[in-house]
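Report on one structure; see the data block that follows.
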2 protein chains.
Amino acid sequence: MTKARKALLEVLKTSEEPVSASHLIKHPSIRFDQATVYRNLHYLEEQGMADSFILHCTEHGTERYYSYRNREDASHHHWFHCQICHRFIDLGDCRYDEQLSRWEQAYGFTVCDHTFFLTGLCKACKSSTASAN
Amino acid sequence: MTKARKALLEVLKTSEEPVSASHLIKHPSIRFDQATVYRNLHYLEEQGMADSFILHCTEHGTERYYSYRNREDASHHHWFHCQICHRFIDLGDCRYDEQLSRWEQAYGFTVCDHTFFLTGLCKACKSSTASAN
DNA sequence: AATAATTTGCGAATGACTTGCAAATATGAG
DNA sequence: CTCATATTTGCAAGTCATTCGCAAATTATT
Ligand SMILES: [Mn+2]
Ligand SMILES: [Mn+2]
Ligand SMILES: [Zn+2]
Ligand SMILES: [Zn+2]
């Protein structure tokens with residue numbers, strides 16, 4: 001475990017929500033080149049220590065977001081992303097296992113990965129845009 | 001409805017699976033500049049005539065895929081993507097409406113959009129990689 | 001210590017997508 | 001039809017996240 005990997009893992013571990021590579025690169029405790037950050041994010045994910053998904057938002061563009069994963073077998077989470085304040089809301093553990101198995105049975109394919117997330121307006125941003133009228 | 005828009009819509013309408021902008025740009029019946037293709041795909045989506053999602057695959061990279069949408073209110077589909085042959089398998093109409101409402105209730109947010117898709121190995125590709133051993 | 005393997009920083013490249021702008025088309029009132 | 005206005009297009013250049021080549025720096029092995 002190199003310094004870069006330790007530092008990245010620490011930020012992911014303490015972050016309440018998924019973080020993008022660009023966020024990590026700007027993070028004060030991440031004093032490494034962007035190439036190092038990207039390379040190690042791949043490494044962490046392939047080691048099962050991180051999860052990621054690609055999300056597009058008008059303001060920040062298309063980026064991959066990473067979150068800490070305790071163990072290879074532990075269930076990951078899915079998220080809601082607010083288009084206004086850009087915060088993520090944790091929807092809890094993934095509950096798609098049975099559904100995926102049913103699809104695997106029905107179609108004969110093997111699912112290696114799945115992507116699921118929501119985007120919209122969070123409670124707070126709904127009220128503030130409403131009062132802005 | 002300009003020629004470019006008609007041509008794009010026709011390809012989307014007759015395609016069995018979601019298609020990327022790069023695919024459309026190379027398509028024989030799409031004789032338009034890439035900027036025109038991208039601009040009109042945005043247009044079609046904002047008019048409710050197309051749906052899209054971003055998918056990353058090792059071989060083709062990260063791209064947005066478009067599919068035809070009959071009417072603004074009609075349910076879209078979700079898809080499985082094979083990492084080997086790159087074909088999409090239609091999983092049918094979206095069935096997440098009630099689940100999304102439940103989350104909206106529980107968290108107070110409003111969902112504007114959601115992304116869901118699977119990746120893995122299709123039946124055919126599983127057997128051909130198995131026999132390759 | 002000497003050698004081999006891995007990781008890092010830097011700068012350049014990649015690839016999807018976007019943008020500025022002037023030419024081409026379409027729209028439409030008179 | 002005709003001139004004026006609005007929209008769309010092609011081209012070339014730009015943007016932005018991510019990747020790559022390569023040589024220097026670290027780390028692990030012998
Ligand atoms: Mn955002
Ligand atoms: Mn693919
Ligand atoms: Zn918000
Ligand atoms: Zn396949």
Side-chain angles (χ1 to χ4, degrees), chain A residues 1-12 17-47 49-67 81 83 86 88 113 115 117 119, chain B residues 1-12 17-47 49-67 81 83 86 88 113 115 117 119:
Chain A
M1 183 82 12
T2 68
K3 285 178 190 179
R5 285 168 191 172
K6 262 200 277 284
L8 286 168
L9 211 44
E10 185 56 29
V11 176
L12 294 183
E17 33 187 284
V19 289
S20 64
S22 69
H23 178 90
L24 289 163
I25 289 163
K26 284 177 299 203
H27 192 286
S29 76
I30 307 294
R31 292 245 164 52
F32 300 94
D33 188 79
Q34 51 167 346
T36 302
V37 170
Y38 281 108
R39 286 191 279 235
N40 284 316
L41 287 172
H42 289 153
Y43 172 85
L44 292 174
E45 186 160 26
E46 95 196 0
Q47 297 302 305
M49 294 182 274
D51 268 327
S52 79
F53 58 92
I54 296 170
L55 178 144
H56 173 89
C57 101
T58 319
E59 214 163 312
H60 298 100
T62 304
E63 280 189 285
R64 191 176 281 274
Y65 289 79
Y66 289 86
S67 47
H81 180 69
Q83 296 167 344
H86 304 287
F88 285 90
D113 199 11
T115 297
F117 60 80
T119 57
Chain B
M1 183 82 10
T2 68
K3 286 178 188 178
R5 285 168 191 171
K6 262 200 276 285
L8 287 167
L9 212 44
E10 185 55 29
V11 176
L12 294 184
E17 33 187 286
V19 289
S20 64
S22 69
H23 178 90
L24 289 163
I25 290 162
K26 283 179 299 203
H27 193 286
S29 76
I30 307 292
R31 293 245 163 52
F32 300 94
D33 187 78
Q34 52 166 336
T36 303
V37 169
Y38 281 110
R39 284 192 278 235
N40 284 315
L41 287 172
H42 290 154
Y43 172 85
L44 291 174
E45 186 160 25
E46 96 196 359
Q47 298 300 306
M49 294 181 272
D51 268 327
S52 79
F53 59 92
I54 295 171
L55 178 144
H56 173 89
C57 103
T58 319
E59 214 164 313
H60 299 99
T62 303
E63 281 189 285
R64 191 176 281 274
Y65 290 79
Y66 289 85
S67 47
H81 180 70
Q83 295 166 345
H86 304 286
F88 284 91
D113 200 10
T115 297
F117 59 81
T119 58

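Below, chain A is the first sequence line, B the second, and so on; all start at residue 1. From a predicted model like this one, the values you see are computed outputs, not experimental measurements. Only heavy atoms go into these numbers, but all of them, side chains included; no hydrogens, no water, no symmetry mates.
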Considering all heavy atoms, the nearest Gln34(B)-Ile25(B) contact = CB-CD1, 3.5 Å
inquiry  = Expressed as a whole number of angstroms, how long is the span from Ile25(A):CD1 to dG9(C):P?
reply    = 11 Å
ask   = Angle, rounded to 10°, between the helical axes spanning five pairs at each terminus of the helix from dA1(C)-dT30(D) to dG30(C)-dC1(D)?
value = 30°
request  = Return the residues of residues 26-40 of chain A meeting this criterion: a heavy atom under 4.0 Å from some atom of DNA chain C. Order them by number, or give none.
outcome  = Arg31(A), Phe32(A), Asp33(A), Ala35(A), Thr36(A), Arg39(A), Asn40(A)
key: Nearest non-hydrogen partners of Val37(A) and Ala21(A), listed with the distance   = CG1-O, 4.4 Å
message = Under 3.5 Å, is there a donor on one side chain and an acceptor on the other for Ser22(B) and Glu63(B)?
response = yes
remark   = What residues 55-62 of chain B contributes to the DNA chain C interface at heavy-atom separation below 4.0 Å is Thr62(B)
ask   = What residues, two or more places apart in sequence or in another chain, satisfy ring pair (Phe, Tyr, Trp, His ring centres under 6.0 Å) together with Phe117(A)?
value = Phe53(A)
inquiry  = Classify the ring geometry of His86(A) against His60(A): parallel below 30°, tilted from 30° to 60°, perpendicular beyond 60°.
reply    = perpendicular
ask   = Whole-Å distance between dT7(C) C1' and Leu41(A) CG?
value = 15 Å
note = With sugar-phosphate taken as primed atoms, P, OP1 and OP2 and all else as base, the protein-contact string of nucleotides 22-28 of chain C at under 4.0 Å (heavy atoms; B, S, -) is -------
note = Contact span of DNA chain D against chain A, any nucleotide atom under 4.0 Å from a heavy atom, 5' to 3', runs dA17(D) to dG21(D)
